K.L.:
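Here it is, the structure, as structure tokens.
No experiment lies behind these values; they were computed from the predicted model shown. One is the number of the first residue; the rest follow in order along the sequence.
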Amino acid sequence: MLDYRAEFDAEVTLDGGGELRARGFRLNIPHADVTESEITALLVAALAPQRVERAEVSDVRIIAEPHPPADTRAERVRFVELSHVITAGMVTSPGLPGPEITPHLTRLASRGVYAPGTEFVIDRISMLGNTGTYLDSPYHRYADGADLAGLPLERLAGLPAVVVRAVGGERGVTAEMLAHVAVTGRAVLLHTGGDRHWATPRYGVDAPYLTAAAAELLVDRGAALVGIDAVNIDDVAPSSAGERPAHTLLLAAGIPVVEHLTNLRELPPLGARFTATPPRVAGFGAFPVRAFATIPAEEPQA
């Protein structure tokens, strides 16, 4: 098995002024048949949070290298938690009830069921599927869409991730911001900074979102999953009149949506693997996930 890198020359013009020129620049690439436009998109993503006005690559050379043995590579990853903790009564989305967590069998009561010295607790939770960090399946929007039990694991686990930095700008993540991002087959994670208001009244006010045109671009380019660290993938301001174009477009294309992510600032633009798996519940549209990413760990210095 081989890993691939692209070596190339590049000329980049930055938005707002400034130019970069590089010779022999190297980037990891997903396969040997990558196109120049895909390499350009990977380069733009690697330069984030710098905004790029124009980028050109030339003299592209593809380098193949042996893939490290699994037993040595597997130990050299770092896990990054991307989920909020679920607690009794917490508010995920303003206006929706929080979870109720109660004991079904207490430890004290269990002593009368099991042998002396043996005790257990069995807990009960009553909550909406849209609690904490959760995943929307197509069934959430469409009666004939795939439910949680029908989602293939390859859409949920170990996805190559691309992180789109959209902190401090306009509320809407636009198609222009995604124009040079390589999204095909990737989990596209929108880092808006909206999670800094989690569990406060500001979380649902003027929140970041994905525009309809940007959602259409992600569908056209074959994104595998889309996640956001804000209250909703759509604009939920009163002026939106209840329209949900991002949900409508993404879920119609079978692209799962993960909302209420956190800690995306800890991820690099490229190189992470993203996982968000809900339980296999039939006839259910959304459910909390333990979302996390793995990134290659730095080698210790000799």
K.L.:
Which pair of non-hydrogen atoms, one from Gly132 and one from Thr92, has the smallest distance, and what is that distance?
P.N.:
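That would be N-OG1, 2.8 Å.
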
K.L.:
Quick check: is Leu20 connected to Leu270 through a chain of hydrophobic side chains (ILVMFWY, heavy atoms under 4.5 Å apart)?
P.N.:
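Hydrophobic grouping puts Leu270 with Leu20.
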
K.L.:
If I take atom OH from residue Tyr4 and atom CG from residue Asp33, how far apart are they, to the nearest 0.5 angstrom?
P.N.:
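The distance works out to 8.0 Å.
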
K.L.:
Quick one: closest heavy-atom pair of Ala182 and Ala41, and the distance?
P.N.:
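Nearest heavy atoms, Ala182 then Ala41: N-CB, 3.5 Å.
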
K.L.:
Other residues, nucleotides and ligands only: do more than 12 of their heavy atoms fall within 6.0 Å of CD on Glu243?
P.N.:
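No, not enclosed.
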
K.L.:
Establish whether Leu251 and Tyr139 are linked, either directly or via other cluster members, by ILVMFWY side-chain heavy-atom contacts under 4.5 Å.
P.N.:
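Not linked; separate clusters.
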
K.L.:
What heavy-atom pair brings Leu148 and Ser137 nearest, and what distance separates the two atoms?
P.N.:
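Looking at all heavy atoms of both residues, the shortest contact is N-OG, 3.9 Å.
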
K.L.:
Give a yes or no on whether Val226 and Leu178 share a hydrophobic cluster (residues Ile, Leu, Val, Met, Phe, Trp, Tyr; joining criterion: side-chain heavy atoms under 4.5 Å apart).
P.N.:
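Looking at the clustering, Leu178 is in the same group as Val226.
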
K.L.:
For residues Tyr114 and Glu119, is any side-chain donor paired with an opposing acceptor at under 3.5 Å?
P.N.:
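Checked: Tyr114/Glu119 side chains show no N/O donor-acceptor pair below 3.5 Å.
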
K.L.:
Salt bridge check, Arg54 against Glu56: does any charged N sit closer than 4.0 Å to a carboxylate O?
P.N.:
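Yes, Glu56 and Arg54 are salt-bridged.
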
K.L.:
Between Arg5 and Asp3, does any side-chain N to carboxylate O distance fall below 4.0 Å?
P.N.:
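No, this pair does not count.
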
K.L.:
Under 4.0 Å between a side-chain nitrogen and a carboxylate oxygen: does that hold for Arg171 and Asp235?
P.N.:
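Looking at Asp235 together with Arg171, the answer is yes, because their closest N to O distance falls below 4.0 Å.
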
K.L.:
Considering residues, nucleotides and ligands other than Glu100, do more than 12 of their heavy atoms fall under 6.0 Å from its CD?
P.N.:
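Check fails, neighbour count at 12 or below.
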
K.L.:
For the backbone of Val231 and the side chain of Tyr209, can you confirm whether one donor and one acceptor N or O come within less than 3.5 Å of each other?
P.N.:
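Not at all, since once roles are kept as given, no pair shorter than 3.5 Å links the two residues.
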
K.L.:
For Arg61, is the CZ atom crowded, meaning more than 12 foreign heavy atoms sit under 6.0 Å from it?
P.N.:
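Counting neighbours around CZ of Arg61, more than 12 heavy atoms of other residues, nucleotides or ligands fall under 6.0 Å, so yes.
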
K.L.:
Is it the case that the side chains of Thr262 and Asp229 hold a donor-acceptor pair, with the cut-off being a distance below 3.5 Å and no angle test?
P.N.:
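No, no side-chain donor-acceptor pair sits under 3.5 Å.
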
K.L.:
Using modelled atom types only, decide if a donor and an acceptor are shared between the side chain of Arg221 and the backbone of Ala179 within a distance under 3.5 Å.
P.N.:
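Present.
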
K.L.:
Rounded to the nearest 0.5 Å, how far apart are CD1 of Ile255 and CG of Leu225?
P.N.:
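Rounded to the nearest 0.5 Å, the CD1-CG separation comes to 8.5 Å.
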
K.L.:
Same hydrophobic cluster for Ile228 and Val219, using side-chain heavy-atom links shorter than 4.5 Å among ILVMFWY?
P.N.:
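Hydrophobic grouping puts Ile228 with Val219.
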
K.L.:
Treating Thr40 as the side-chain partner and Ala55 as the backbone partner, does any N or O pair qualify as donor plus acceptor under 3.5 Å?
P.N.:
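Side chain of Thr40 to backbone of Ala55, a donor-acceptor pair under 3.5 Å: no, none is there.
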
K.L.:
Could you tell me which non-hydrogen atom of Ile101 sits nearest to which non-hydrogen atom of Thr87, and how far apart they are?
P.N.:
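Nearest pair, atom of Ile101 first, then Thr87: CD1-C, 4.1 Å.
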
